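Just so we're clear, the structure is a prediction, and the values are computed from it rather than from any experiment. All heavy atoms count here, side chains included; hydrogens, waters and symmetry mates do not.
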Amino acid sequence: MDNSHHLHLNLFNGQLIPRIGLGTWQCTPDEVKEAVNDALEAGYRHIDTAYLYQNEAAIGEVIQEWINSGKLKREELFITTKLPFTGNKPEKVEHFLKLSLENLKLDYVDLYLIHFPIGFRGEDDHDLFPRDENGRLILDFDSNMITLWKAMETQVEAGRAKAIGLSNFNSHQIERIVQTSRIKPANLQVEMHAYFQQKRLRAYCKKHDIVVCAYGPLGSKGRVDFSARFGVPKPQVPDVLDDPVVAEIANAHMKTSAQVLLRHLIQLNVVVIPKSVSQSRIRENYEVFDFVLTANEMEKLSQLDKNNRTFIFDEYDGVPDHPEYPFIIPY
């Protein structure tokens, strides 16, 4: 039975995570204020951010306005944020989570993720992409995932995070944490879209009752601007939105290609966090609960998988050579 018309999935600890959230990567504070406001108006209750995005304070202002005006209760919201790369040390986890909570004007987040398995060595809280005198990133080769995870568990026990999880980790890295954890990861956030469906990784997470969340579910055009900012070659961003198979299915349902791509992942029990700052698109992305893809359509979409990863973090020099680089192995 397809229960994907329900608005939530269950995390293993009984928490409900909304199946669709607003992604806020690369949103300036002004853009994010408007986007979060538009999203809450449209019915979203799940907002995804990160310390690294440097827009948590703006998000916090909007959330506070909604709560103070009585339009929303805190417990109706699901807020996810992430430990920055420079926070991948046990002694820094609480520090960075407290900074995020202060920015967000919250007592707790619903989900706290380790943003990336590789740590950077920053000088201070603002030194997020530390570089040496030759302009090379200063990577941390001593960070230890097991001790880092223990510090994450402590945040749950302290009430600062309801659940903890991972982002951009592969199955071998997750396995090491699952084997040694007292509180296991509730969620894994990774790139996923019709051209990059992560089938083996999804199967692995299902076995361990880890809910998967897809970033870049529409192929992530924002990736190109990001590369331009770093002055590195533009990646081949998958034009999954222009796929004729997707268009054909969209026409059959009188929906857009974006809505079909989101619906496909939702019916695979994947949480989606499309990023947009356009009010009409934010609304459109949320209107995916009033139609169902047939088994045949799901199969056609499943066959579009090209293993086309966009986010490989290769614009950060040296990162692919780090022993914890997550994208070397198949999944």
Side-chain angles (χ1 to χ4, degrees), residues 1-25 35-36 38-49 63 72-73 75-82 109-113 162-167 185-194 196-199 201-203 205-206 208-220 240-241 246 249-250 253 255-276 281-295 297-298 301-302:
M1 176 193 130
D2 175 51
N3 70 343
S4 53
H5 53 284
H6 295 314
L7 298 177
H8 300 88
L9 284 173
N10 289 312
L11 298 179
F12 78 86
N13 62 1
Q15 257 177 294
L16 295 175
I17 182 169
R19 289 172 180 270
I20 184 161
L22 179 74
T24 63
W25 179 56
V36 170
D38 290 340
L40 292 173
E41 291 281 1
Y44 289 72
R45 292 297 176 258
H46 175 181
I47 310 292
D48 180 274
T49 184
I63 290 171
L72 258 187
K73 293 188 176 72
E75 51 275 19
E76 293 173 62
L77 288 169
F78 193 99
I79 308 295
T80 301
T81 194
K82 310 177 193 87
V109 288
D110 298 275
L111 180 61
Y112 196 47
L113 305 177
K162 295 264 189 206
I164 46 178
L166 306 165
S167 180
N187 180 254
L188 172 69
Q189 187 179 121
V190 285
E191 178 187 358
M192 195 180 297
H193 44 77
F196 186 57
Q197 295 184 28
Q198 302 255 40
K199 289 171 182 163
L201 186 56
R202 273 193 287 121
C205 287
K206 187 176 181 183
H208 289 289
D209 203 10
I210 297 169
V211 168
V212 176
C213 175
Y215 69 72
L218 304 175
S220 194
V240 61
L241 278 164
V246 179
I249 295 171
H253 289 276
K255 287 287 183 180
T256 64
S257 288
Q259 287 168 326
V260 165
L261 290 169
L262 295 174
R263 183 71 207 175
H264 171 233
L265 291 174
I266 285 170
Q267 282 184 221
L268 293 172
N269 279 333
V270 171
V271 173
V272 290
I273 47 167
K275 179 253 174 174
S276 179
R281 251 184 256 127
I282 286 170
R283 287 181 181 276
E284 176 192 306
N285 289 343
Y286 197 71
E287 289 165 3
V288 288
F289 296 103
D290 57 355
F291 74 109
V292 176
L293 299 171
T294 66
E297 289 167 336
M298 287 295 286
L301 291 166
S302 180

Legend entry - Least distance between heavy atoms, Y215 atom then S167 atom: CE2-OG, 4.4 Å

Legend entry - Interatomic distance, L265 atom CG to I273 atom CD1 [nearest 0.5 angstrom]: 11.5 Å

Inset, instruction - Can you spot which of I164, I17, L166, L9 makes a side-chain contact (heavy atoms from CB on, under 4.5 Å) with N187? - result: I17

Legend entry - Ionic contact status for K275 with D48, cut-off 4.0 Å: no

Legend entry - Mutual orientation of the aromatic rings belonging to F289 and Y286 [parallel < 30°, tilted 30-60°, perpendicular > 60°]: perpendicular

Inset, instruction - Please examine the side chains of L16 and N10, heavy atoms only from C-beta on, and report whether any two atoms are closer than 4.5 Å. - result: yes

Legend entry - Where L218 and P274 come nearest, the two heavy atoms and their spacing: CD1-CB, 4.3 Å

Legend entry - K206 NZ: over 12 foreign heavy atoms closer than 6.0 Å: no

Legend entry - Which residues share a ring-ring contact (aromatic ring centres under 6.0 Å, His included) with F291, sequence neighbours left out: H253

Inset, instruction - State, with a plain yes or no, whether a side-chain heavy atom of H264 is found less than 4.5 Å away from one of E297. - result: no

Inset, instruction - Could you grab the distance from atom CZ of R283 to atom CG of N285, nearest 0.5 Å is fine? - result: 12.0 Å

Legend entry - Criterion side-chain contact (heavy atoms from CB on, under 4.5 Å) on V260 and L301, from CA distance to verdict: CA-CA 9 Å; V260 165; L301 291 166; 4.0 Å; yes

Legend entry - Contacts of type ring-ring contact (aromatic ring centres under 6.0 Å, His included), residue F78, not counting sequence neighbours: H46

Inset, instruction - For the residue pair S302 and K199, establish whether any side-chain heavy-atom pair is separated by less than 4.5 Å. - result: yes

Inset, instruction - Check the pair V272, V288 against side-chain contact (heavy atoms from CB on, under 4.5 Å), reporting the backbone distance first and the verdict last. - result: CA-CA 11 Å; V272 290; V288 288; over 6 Å; no

Legend entry - Minimum-distance pair of heavy atoms, taken over all atoms of H193 and P217: CB-O, 3.4 Å

Inset, instruction - Report yes or no: does Q259 contribute a side-chain atom to a donor-acceptor pair with the main-chain N or O of E284 at less than 3.5 Å? - result: yes

Inset, instruction - Show your working on side-chain contact (heavy atoms from CB on, under 4.5 Å) between V109 and T80 and close with a plain yes or no. - result: CA-CA 6 Å; V109 288; T80 301; over 6 Å; no

Inset, instruction - Answer yes or no: is there a side-chain heavy-atom contact under 4.5 Å between S257 and V240? - result: no

Legend entry - Exercise: identify the closest heavy-atom pair between L261 and A194: CD2-CB, 3.7 Å

Legend entry - Nearest atoms (heavy-atom pairs only) where L188 meets C205: CD2-SG, 3.7 Å

Inset, instruction - Please round to the nearest 0.5 Å and tell me the distance separating atom CG of L268 and atom CD1 of I266. - result: 10.0 Å

Inset, instruction - Could you pull out the closest heavy-atom pair between Q198 and E191, with the gap in Å? - result: NE2-O, 3.0 Å

Inset, instruction - Enter the distance from I20:CD1 to L262:CG here, rounded to the nearest 0.5 Å. - result: 5.0 Å

Inset, instruction - Starting from the C-alpha separation in whole Å, work towards a yes-or-no answer on side-chain contact (heavy atoms from CB on, under 4.5 Å) for R263 and K255. - result: CA-CA 10 Å; R263 183 71 207 175; K255 287 287 183 180; over 6 Å; no

Inset, instruction - Starting at CZ of R45, measure out to NZ of K73 and round the result to the nearest 0.5 Å. - result: 11.5 Å

Legend entry - Spacing of L40 atom CG and I47 atom CD1 [to the nearest 0.5 Å]: 5.0 Å

